[in-house]
There are 2 protein chains.
Amino acid sequence: MNLPGRNINLHISVDCVIFGFSTNQLKVLLIKRAYTNTSGTLSNDHKLPGDFIAIKEDLDLAASRTLEELTGLKDIYLQQFAFFGRPDRISKSMDIAWLTETTGHKIQRVVTAAYYSLINITDTNSDFAIKNNATWIDVKQVPDLAFDHATIITNGLAHLQLTLRNEPIGFELLPEKFTVRELQTLYEVILDCSLDNRNFRKKILKSTYMVQLEEKQSGVAHKPAYYYRFDRNIYEKHKKESLGFNF
Amino acid sequence: MNLPGRNINLHISVDCVIFGFSTNQLKVLLIKRAYTNTSGTLSNDHKLPGDFIAIKEDLDLAASRTLEELTGLKDIYLQQFAFFGRPDRISKSMDIAWLTETTGHKIQRVVTAAYYSLINITDTNSDFAIKNNATWIDVKQVPDLAFDHATIITNGLAHLQLTLRNEPIGFELLPEKFTVRELQTLYEVILDCSLDNRNFRKKILKSTYMVQLEEKQSGVAHKPAYYYRFDRNIYEKHKKESLGFNF
DNA sequence: TTAGTTAGCGTATTATTTACGTTAACTTTG
DNA sequence: CAAAGTTAACGTAAATAATACGCTAACTAA
């Protein structure tokens with residue numbers, strides 16, 4: 001057992017990759033941070049919403065807390081997907097400056113637990129985010145970010161893609177009622193491919209958890225589509241793993 | 001930014017769930033630990049091979065180091081699969097006693113990165129393990145373990161099952177040359193199900209990375225089977241993800 | 001009224017999965 | 001040394017799922 005000379009400078013944090021979907025784009029929630037750069041002027045850039053964990057705080061709860069503090073959202077699909085702990089992830093001068101300014105301590109190393117979550121962007125949570133200096137940014141156009149947060153987003157996206165292929169999680173990103181086309185577009189944007197609308201419809205409607213509503217679209221310049229909702233209870237009941245293995 | 005009153009008692013460790021396969025059983029490598037229990041006598045139980053990370057040490061490298069220190073094995077398929085950081089994971093009296101005895105410090109909280117790896121149990125690494133107070137134990141019969149290590153194993157096994165369904169990783173657990181039947185048994189044991197031998201053979205032999213050797217079994221009381229080997233290069237070349245999504 | 005657009009249903013083809021029959025090649029046993 | 005027992009290895013048929021398209025319906029805008 002090799003207990004290193006441990007000191008006050010090792011910290012643990014959580015970072016949340018919060019995906020949202022609007023105007024046919026997959027977006028991540030980023031918050032603006034300010035730091036004093038080497039020439040003494042105030043600069044800005046972006047980072048993932050995250051925070052150090054409290055000394056007795058559970059990691060999952062810390063992630064939920066951060067999410068709630070930044071978006072006001074509670075009880076959201078939120079999952080740990082990786083840890084990032086390279087010793088050199090704190091090395092850029094602006095990151096060191098920002099850590100010192102905000103914590104008042106010289107921080108040498110932070111290991112972070114990355115969580116991802118999917119939320120339906122609504123006016124309410126969007127307003128809340130804006131108040132907290134947060135913005136929704138298209139994942140295809142993320143600017144330079146603090147620390148290794150760009151890598152974390154890339155990993156989170158890969159994780160999202162993988163999960164979307166195997167589980168019906170796309171619904172989390174859509175409003176309560178949605179059309180089949182909206183769902184398909186979401187798949188196409190996240191998976192970055194195009195899908196045949198007839199086959200997509202066939203496949204998705206075969207699943208029992210897609211419940212057709214009586215309401216149709218209105219005011220559209222084409223045949224109006226029925227709205228659907230996702231029935232979580234039906235899904236949970238029918239969720240049994242297939243025994244096939246593919247490789 | 002909420003930097004908690006951080007103190008010397010927060011630590012990060014790595015724990016390795018090392019799977020092996022022999023005598024038709026899936027096994028985990030556990031090491032014996034000794035601690036002084038509340039009545040003052042010396043007791044024993046088991047824990048996963050793991051260690052605190054060094055102050056500047058990368059997590060992945062710490063896992064590799066631990067694995068090598070305990071088994072002598074290098075360059076092994078080794079993957080982070082989850083983090084365990086519940087504040088109450090250090091609460092049992094024997095765990096507290098053992099931590100104090102081995103580190104000389106009062107440790108309050110340890111967040112651990114769990115890695116899993118698959119190795120082919122050979123006489124060489126088995127001897128090495130035994131020297132280091134380690135033993136291979138059938139995953140179906142793991143005794144009471146230190147901390148939350150039982151949970152970590154359960155999670156690691158679930159991860160192994162999931163991966164085995166999607167990628168040809170079973171080979172990692174077998175010797176260089178093996179028969180189709182041996183591979184099938186491995187799948188059956190890990191996935192805890194029975195598979196049709198004719199269909200299994202068909203499916204597995206369709207893949208180009210299964211290379212048939214000239215050598216056959218000998219001394220068996222039935223038609224001798226051909227040996228095969230796994231060609232990693234061929235696999236890497238043909239590895240391209242399918243575009244289908246299933247849910 | 002017509003043109004443009006997406007919704008929604010259907011069909012044919014191909015691939016994959018599942019279920020199961022049968023012969024081949026070895027050792028052990030009587 | 002023949003018969004019995006065992007697993008290997010190949011094959012076939014049916015069911016299921018994936019893929020590639022064709023076509024009509026129902027709305028708005030012009």
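Here is the naming used below: chain letters follow the sequence lines, and residue numbers restart at 1 for every chain.
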Exercise. Specify the residue among A/H222 and A/K216 whose closest nucleotide of DNA chain C lies further upstream toward the 5′ end.
Key: A/H222

Quiz item: What closest approach, in Å, do B/A63 and B/L78 show between heavy atoms, and which atom pair accounts for it?
Solution: C-CD2, 3.8 Å

Exercise. Hey, which sits more toward the 5' end of DNA chain D by its nearest nucleotide, A/R198 or B/L205?
Key: B/L205

Quiz item: Of B/A221 and B/Y226, whose nearest nucleotide on DNA chain D comes first from the 5' end?
Solution: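 Looking at DNA chain D, the more 5' nearest nucleotide goes with B/A221.
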
Self-check item: Name of the residue among A/F81, A/Y115, A/F83, A/F84 meeting ring-ring contact (aromatic ring centres under 6.0 Å, His included) with B/F83
Solution: A/F83

Quiz prompt | Selection from D/dC21, C/dA19, C/dC26 that lies nearest to any side-chain heavy atom of B/K202 | solution =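 Taking heavy atoms from C-beta onward, the closest nucleotide is C/dA19.
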
Quiz item: What's the closest nucleotide to the A/N199 side chain, out of C/dC26, D/dC21, D/dC27?
Solution: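 The nucleotide sitting nearest to the side chain is D/dC21.
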
Quiz item: Quick one: do B/E69 and B/R65 make a salt bridge, cutoff under 4.0 Å?
Solution: yes

Quiz item: Taking the side chain as C-beta and beyond, is there a heavy-atom pair between B/T135 and B/H46 under 4.5 Å?
Solution: yes

Quiz item: Looking only at side-chain N and O atoms, does A/K203 come under 4.0 Å of OP1 or OP2 in D/dA18?
Solution: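 Indeed, a polar side-chain atom of A/K203 lies that close.
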
Quiz item: For C/dG8, does OP1 or OP2 lie under 4.0 Å from any side-chain N or O of A/R201?
Solution: yes

Take atom [atom1] of [X] and atom [atom2] of [N], then tell me their distance rounded to the nearest Å.
| X | N | atom1 | atom2 | result |
| --- | --- | --- | --- | --- |
| A/Y227 | C/dA7 | OH | C1' | 13 Å |
| B/L195 | C/dT16 | CG | P | 19 Å |
| A/K223 | D/dA26 | NZ | P | 6 Å |
| A/F200 | C/dT6 | CZ | P | 16 Å |
| B/N197 | D/dT6 | CG | C1' | 12 Å |
| A/D196 | C/dT11 | CG | C1' | 13 Å |
| A/R181 | C/dC9 | CZ | P | 16 Å |

Quiz item: What orientation do A/F171 and A/F230 show, parallel under 30°, tilted 30 to 60°, or perpendicular over 60°?
Solution: parallel

